[in-house]
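Some notes on the structure that comes next.
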Amino acid sequence: MEYKQRTVTCGALRQEDEGKYVVLNGWVHRNRNHGGIHFINLRDRYGITQIVVGEHARDEVRQIAEELRLEYCIAVEGIVRKRPDSMINPNMDTGSIEVDVQSLQILSRCEPLPFMIDEESDAKEDLRLRYRYLDLRSTGMQNRIRLRHEFVKAIREHLSARDFYEIETPTLIKSTPEGARDFLVPSRLYAGKFYALPQSPQLLKQILMVGGFDKYFQIARCYRDEDARGDRQLEFTQLDLEMSFVTREDVLKTIEDLFVEVFAKVMNYSLPTSFRRLSWSDAMNTYGVDKPDVRYDLPLVDIGDIAELIQFGAFQTALAEKGSIKAICAPATDNLAYSRKYIGELEEAAKVYGAKGLAFVKVGKGGVLESGIAKFLVGHETAIIERMKASEGDMILFIAAPWKKCCNSLGAVRTKLARDLNIIDKNRFEFCWIIDFPLFEFNEEAGHWEAAHHMFSMPQAQYIPTLESDPGSVKGDLYDLVLNGYEVASGSIRIHDVELQKRIFRICNFTDEEAESRFGFLLNAFRYGPPPHGGIAPGIDRMVMIMAQQTSIKEVIAFPKNTAAVSPMDDSPSYVDDKQLDELHLLIKQPVKSE
RNA sequence: GAGGGCGUAGCGAAGCUGGUUAUCGCGACGGCCUGUCACGCCGUAGAUCGCGGGUUCGAGUCCCGUCGCUCUCGCCA
């Protein structure tokens, strides 16, 4: 097909270009036909330019203009005209000019749209995903995909300038147990054997360290066969990073430097040169989660010692079971009335995380506490008000439950309160490090300890003698990076000692034989002079989502899957031919339901 | 595996305690319009009210089941 190729883009032309002869290619964004005169908003990735088919246009051009419909892809040849002052559109970058059309060509036509591009009343997400190629044309998607590109580009530039090598690792690897469910790929050449898609390149990057590439990164695709969430897809992208001869401080500093520069470059946003740090237990106790949004305070406060003296059933039950009693002070405000109905909503938020209920008192005049449970608190009013730093009109909310449920439940109340109080500054990016994580947690179902993070993280030195005797108290050399309440990176200093690594496997209920067959390649590598090393892996999708002020990761992925792990555009996953199954030595166990 | 929300024309929505022909905006189609920029005006078509069953003289509306989407818990080293 012969056509006039663009000489400029639809975002380029300005007043200074008046009189220029230009060719534009793009899509018909709007088409206003006034009978004798057509105004067409032509759109491409770079912007929108108004083109005009005026009264003196040739008949042929006018005829084509009549034919145009939304999203036709066209080529326009014309002369840049300055608009009369009264017709300048200040809302458009190109609003001071228009293109007077000399010739017009339809490059391709477009069927009636399933939804309007760039309309405020957005189509439902599922429909957007089915017609993703149309959705991607919207300004929002275009901006977010551009942001993502710039983010990744800035990361590559920063790290490359600091001696990091970008190294690819395989996506067909050995399946390793623990952690998330693997995606498996059957082997054609070896009947009954499978590759797995990496949940992360964890072991491979550690072996790269043994291989002497002491500063490595990769924009790595990771796969985890678990249920999706707003901030979680089964396929996602990490900045995988690892370094040799480093301590925790080196890794944290590397990431701080990276994001300080990248945020300045990409977001024009100035981050502090080092990020706040919280221990895991402080984060849990004060914010109720291991990924606190620290853009606002509303701390949780432990009142266990005061509660001991209070003859309130829920408190006494919790204490008897060695649980916790925590409270949060909801400040008096004009924005939010703490009605019974609203407190009921807060209670529902708490119950999701296992709290049985939410007790509350209002701070009245002269330090009087008012509510159904106030009678139990008589004599302890001052202690509670002082501990909570509460003032008249505030509402104090209590949860009594086992420690973790208590934290998580009241944390959920804190989050909801902050949203409803409207105290979250959407334009701020508040990073913080969470450090000193427990290395193990006990799996009640399985009846043994397992790695809270993964099995390759170094225990902090002082706990190494007591790993086996008291796994629950072992802190690891682990760190998470949290941004605005989302976990955006996770890393650790790694074990590089075969014997220590084997001890960890044993604590996690792997026999030496199992460990050898699953992780033998790592242990073998560690027999040949492994360097001390450590690293981290920030989630690219999640970070871009936050930077773009979105709450769904799908908004920053070109072709995401839906909550049901289906791609509505291509309808994957799908059935395959028997021949394909046969080649892979596979039989489908369940009779296939008819589609 | 569990819970909340949603499902009405191509799209976004309204439709009250059940009542006669299911409403509105956008879009589509036809017509008019020479300065619009979410152009405007006139007209036309377009809906098995997600699906199945039930209650009722009568169901978009009530009940039961089911499917899909979405958010969340579990899960996600």
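Note that these values count all heavy atoms, side chains included, but never hydrogens, waters or copies made by symmetry.
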Q.
Tell me whether the side-chain N/O atoms of A/N562 come closer than 4.0 Å to OP1 or OP2 in B/rC69.
A. yes
(Q) So if I take every side-chain heavy atom of A/A123 and compare against B/rG12, B/rC76, B/rC37, which nucleotide ends up nearest? (A) B/rG12
Q) Across the strands shown, which category fits A/E125 at heavy-atom distances under 4.0 angstrom: base, sugar-phosphate, nothing? A) sugar-phosphate
Q) Between the base of B/rC37 and the side chain of A/R30, is there any donor-acceptor pair under 3.5 Å? A) no
Q. If you check the A/K124 side chain, which of B/rC26, B/rU36, B/rG12 turns out closest?
A. B/rG12
Q. Given the C1' atoms of B/rC29 and B/rU66, what is the spacing between them in whole Å?
A. 38 Å
Q) Rounding to a whole Å, what distance do you find between A/D100:CG and B/rU36:P? A) 17 Å
Q: Round to a whole Å and report the spacing from CZ of A/R128 to C1' of B/rC69.
A: 14 Å
Q | Candidate nucleotides B/rG74, B/rC39, B/rG12, ranked by approach to the side chain of A/R229 - the nearest | A | B/rG74
Q) Does the side-chain ring of A/F39 sit on the six-membered ring of the B/rU36 base, less than 5.5 Å centre to centre and under 30° in tilt? A) yes
Q | Inter-nucleotide C1' distance (B/rU20, B/rG53), Å rounded | A | 25 Å
Q: Please determine, by modelled atom types, if A/D480 and A/S490 share a side-chain donor-acceptor pair under 3.5 angstrom.
A: yes
Q) Think A/R32 has a side-chain N or O under 4.0 angstrom from the OP1 or OP2 of B/rC39? A) yes
**Q.** Interatomic distance, A/L113 CG vs B/rG12 P [rounded to whole Å]
**A.** 13 Å
Q: Tell me what A/N89 touches on the nucleic acid: a base, only sugar-phosphate, or nothing, going by heavy atoms under 4.0 Å.
A: base
Q.
Nearest to the side chain of A/E98, heavy atoms from C-beta on, is which of B/rG30, B/rC75, B/rU36?
A. B/rU36
Q: Specify the separation, in whole Å, of atom CZ of A/R232 and atom C1' of B/rU70.
A: 15 Å
Q.
Taking any heavy-atom pair under 4.0 Å as a contact, classify A/E111: base, sugar-phosphate, or nothing.
A. nothing
Q: Answer yes or no: does a side-chain N or O of A/R83 lie under 4.0 Å from OP1 or OP2 of B/rC37?
A: no
Q.
Between B/rC49 and B/rU8, how many Å separate the two P atoms, rounded to a whole number?
A. 11 Å
Q. Between B/rC69, B/rC71, B/rU72, which nucleotide has the shortest distance from any of its atoms to the side chain of A/S552?
A. B/rC71
Q.
Considering every strand and a 4.0 Å limit on heavy-atom distances, what is the contact class for A/F456: base, sugar-phosphate, or nothing?
A. nothing
**Q.** Donor-acceptor under 3.5 Å (A/R232 side chain, A/D227 main chain)
**A.** yes
**Q.** Parallel, tilted or perpendicular: ring planes of A/H454 versus A/F456, cut at 30 and 60 degrees
**A.** tilted
Q: Identify whether any heavy atom of A/N33 sits under 4.0 Å from a base atom; if not, whether one sits that close to sugar-phosphate; answer base, sugar-phosphate or nothing.
A: base
**Q.** Residue whose closest nucleotide on RNA chain B lies nearer the 5' end, A/K554 versus A/G54
**A.** A/G54
Q: Report yes if a donor N or O on one partner sits less than 3.5 Å from an acceptor N or O on the other, where the partners are the side chain of A/R69 and the base of B/rC29; otherwise report no.
A: no
(Q) Which nucleotide wins on minimum distance to the side chain of A/L70, given the candidates B/rA38, B/rG27, B/rU72? (A) B/rG27
Q: Tell me what A/M455 touches on the nucleic acid: a base, only sugar-phosphate, or nothing, going by heavy atoms under 4.0 Å.
A: nothing
(Q) Can you identify which nucleotide, out of B/rU34, B/rC76, B/rU72, has its nearest atom closest to the A/H34 side chain? (A) B/rU34
(Q) Within the 4.5 Å heavy-atom criterion, are A/R132 and A/L129 side-chain neighbours or not? (A) yes
Q. Atom CE of A/M543 and atom CD1 of A/I553: how far apart are they, to the nearest 0.5 Å?
A. 12.5 Å
**Q.** Spacing between A/D85 atom CG and B/rG35 atom C1', to the nearest angstrom
**A.** 14 Å
Q: Quick one: pull up NZ in A/K405 and NZ in A/K356 and give me the separation to the nearest 0.5 Å.
A: 6.0 Å
**Q.** side-chain N/O A/T563 vs B/rU70 OP1/OP2, d < 4.0 Å
**A.** yes
Q. When you compare B/rG15 with B/rU21, how far apart are their C1' atoms, in angstrom units rounded to a whole number?
A. 15 Å
Q) Taking the P atom of each, how far is B/rC69 from B/rG12, in whole Å? A) 15 Å
Q: Using the P atoms only, state how far B/rG50 lies from B/rA59, rounded to an integer number of Å.
A: 15 Å
Q) With a 4.0 Å cut-off on heavy atoms, is A/I48 in touch with a base, just the backbone sugar-phosphate, or nothing at all? A) nothing
(Q) Once you apply a heavy-atom cut-off of 4.0 Å, does A/S86 come out as touching a base, just sugar-phosphate, or nothing? (A) nothing
Q: Would you classify A/R181 as touching base, sugar-phosphate or nothing, given that sugar-phosphate means primed atoms plus P, OP1 and OP2, and contacts are heavy atoms under 4.0 Å?
A: nothing
Q.
Suppose you measure atom P in B/rA47 against the same atom in B/rU23; what distance do you get, rounded to whole Å?
A. 13 Å
Q. On a whole-Å scale, what distance lies between the P atoms belonging to B/rA13 and B/rA2?
A. 28 Å
(Q) If I take atom CE in residue A/M92 and atom C1' in nucleotide B/rC39, what distance separates them, rounded to the nearest angstrom? (A) 14 Å
Q) Between the base of B/rG68 and the side chain of A/D126, is there any donor-acceptor pair under 3.5 Å? A) no
(Q) By nearest heavy atom, map A/A451 and A/N41 onto RNA chain B; which one lands nearer the 5' end? (A) A/N41
